[in-house]
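For ligands, and for the atoms within them, numbers begin at 1 and follow the listed sequence. These numbers come from a predicted model, not from an experiment.
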Amino acid sequence: MNDKTLWQRYQDWLYHHAGLDLYLDISRMRFADPLVDQLKPKFDKAFQDMLALEGGAFANIDENRQVGHYWLRDPDLAPLEFKKEIMETLDQIEIFARAVLEGSIRPPEAPKFTDILSIGIGGSALGPEFVAEALSADYPAMAIHFMDNTDPAGIDRVLNQLKDRLRSTLVIITSKSGGTPETRNGMLEVKHAFELQGLDFPTHAVAITVPGSKMDELERMEGWLAEFPMFDWIGGRTSEMSAVGLLAAILQGVDVRALLSGAREMDEATRIADIKGNPAALLALAWYYAGDGKGAKDMVILPYKDSLLLFSRYLQQLVMESLGKEKDLDGNLVHQGIAVYGNKGSTDQHAYVQQLREGVPNFFATFIEVLLDREGPSIEVEPGATSGDFLNGFLQGTREALYENNRDSITITIRQVDPRSVGALIALYERAVGLYACLVNVNAYHQPGVEAGKKAAASLLDLQRRVMRAIQTSAGPHSISKLAEICGSPDQIEAVYKIVRHLEANNRGIILRGDPAKPSTLEVASC
Ligand SMILES: O=P(O)(O)OC[C@H]1O[C@H](O)[C@H](O)[C@@H](O)[C@@H]1O
């Protein structure tokens, strides 16, 4: 295609949302009109399914759950029994956050809460992390810290950074299920740190969970400072606009009403049952074309704005946990999904973009362009050019260079990174994922594959308990295979070996003798 034809294609396919001032350009995806005609019946069904979902259908059929994240930003759409709790929860969060910021809710040991420690994982962390990076002020009223793993060194790092400020730290513990081990461990470690400093943990702790969960029970038993509900009909990866994301955001000074309204406006735009007039449908069409409806190409997310750095990580869960499915809705083996990765431009141009330009063509890029460079004027770093002009030049240049070499791309353009545009971006991708899932006939709202890893981890911890008991109660030393036999798992020699190696490294009462390069020579004894 020559430049003129491309310019025409750009205009033919350009989507612009006037209220949000958001552009979507899929002209650099090389699909042809017949594909759009061919997909039309699938899209018609997808639009209908989406209407039913928003109307309260049990769209997550495997778990027999409704899917209600759209109701969070437009409670009028929600079934009556949910409308009230959505609105009341938002009011309660705002009242609580205002009182914390003013100091009328304060810790017993300090005049005001100064810091937030957010403990949670997956959908209970990624949204708050993304929004904090994108929208919090340089010096927010309350600084936020995240604990999203069960890594002891990571936990220590956060606690060491907080140190004396632990006395004025508000701890938000988020878990929809209330039983996720990483989050439970983080909570116990933090509670221990509070006790070591003689601080009262419950008066610093806020729970966000589904009523009736284990965490809810604990919160009631210990009398924590507050609890806000997570709703059963909200999935973790679409929970940013529930208590999960809103509480932390308000405490950092983010205008969450604007976040919600940006999402609501985007929801309205993506409800339109017309491919060309619906930005989420255009995205789903582009993804379908890129990967032949089978996820054959990876989605590389390249925002040219530092504050959007975590968008790709956020989208990784939203897209991959929603679409990465073994079976379709009819039970056929399909192994669906789209892999997502990325950081930011132009930084990544000095890292992996070399491969994108010249290497294996197994991806399509999504550029996110922000028109406003910064608040206030810019100096010229070269005659007639600012740093922002360079950033823009690098984006346009990379888009062009990729296209020339048969690498397709999508470009989303927003005027600035603010609560409305961030809300709109989240809503845009939520809907695109929902529509794409309909196109490829998978359930976007469950995650059965995650359970396998959790079960395997639980059985390894059970084996570890048996290994430790065997070492303590039987006269050693023993070879690894003997130890596996004693603890009743003769076939799990490698697992036993890995357990004792880890225990030994952490001074857990075990000595290992022998040649580390030849594990079968190792002898295990207690010490
Ligand atoms: O919020 P929680 O119940 O603690 O769950 C946290 C995360 O854990 C699981 O592994 C799920 O796959 C995620 O979708 C979820 O967001």
Next on the checklist: Can a donor-acceptor pair be found, under 3.5 Å and without considering hydrogens, that links the side chain of K176 to the backbone of M230?
Outcome noted: no
Sequence neighbours excluded, the answer for ring-ring contact (aromatic ring centres under 6.0 Å, His included) partners of F201 is F194, W224
Exercise for review: For the residue pair N332 and D328, confirm or rule out a side-chain donor-acceptor distance under 3.5 Å.
Suggested key: yes
At a 4.0 angstrom heavy-atom cut-off, ligand 1 is contacted by I121, G122, G123, S124, S175, K176, S177, T180, Q317, E321, Q447, V450, K454
> Counting N and O atoms only, with roles assigned by atom type, does the side chain of R106 sit under 3.5 Å from a partner on the main chain of A110, one being a donor and the other an acceptor?
Replying inline: yes
Please confirm whether F96 and F228 have ring centers closer than 6.0 angstrom. yes
Per side-chain contact (heavy atoms from CB on, under 4.5 Å), P279 is matched among R431, M266, H17 by M266
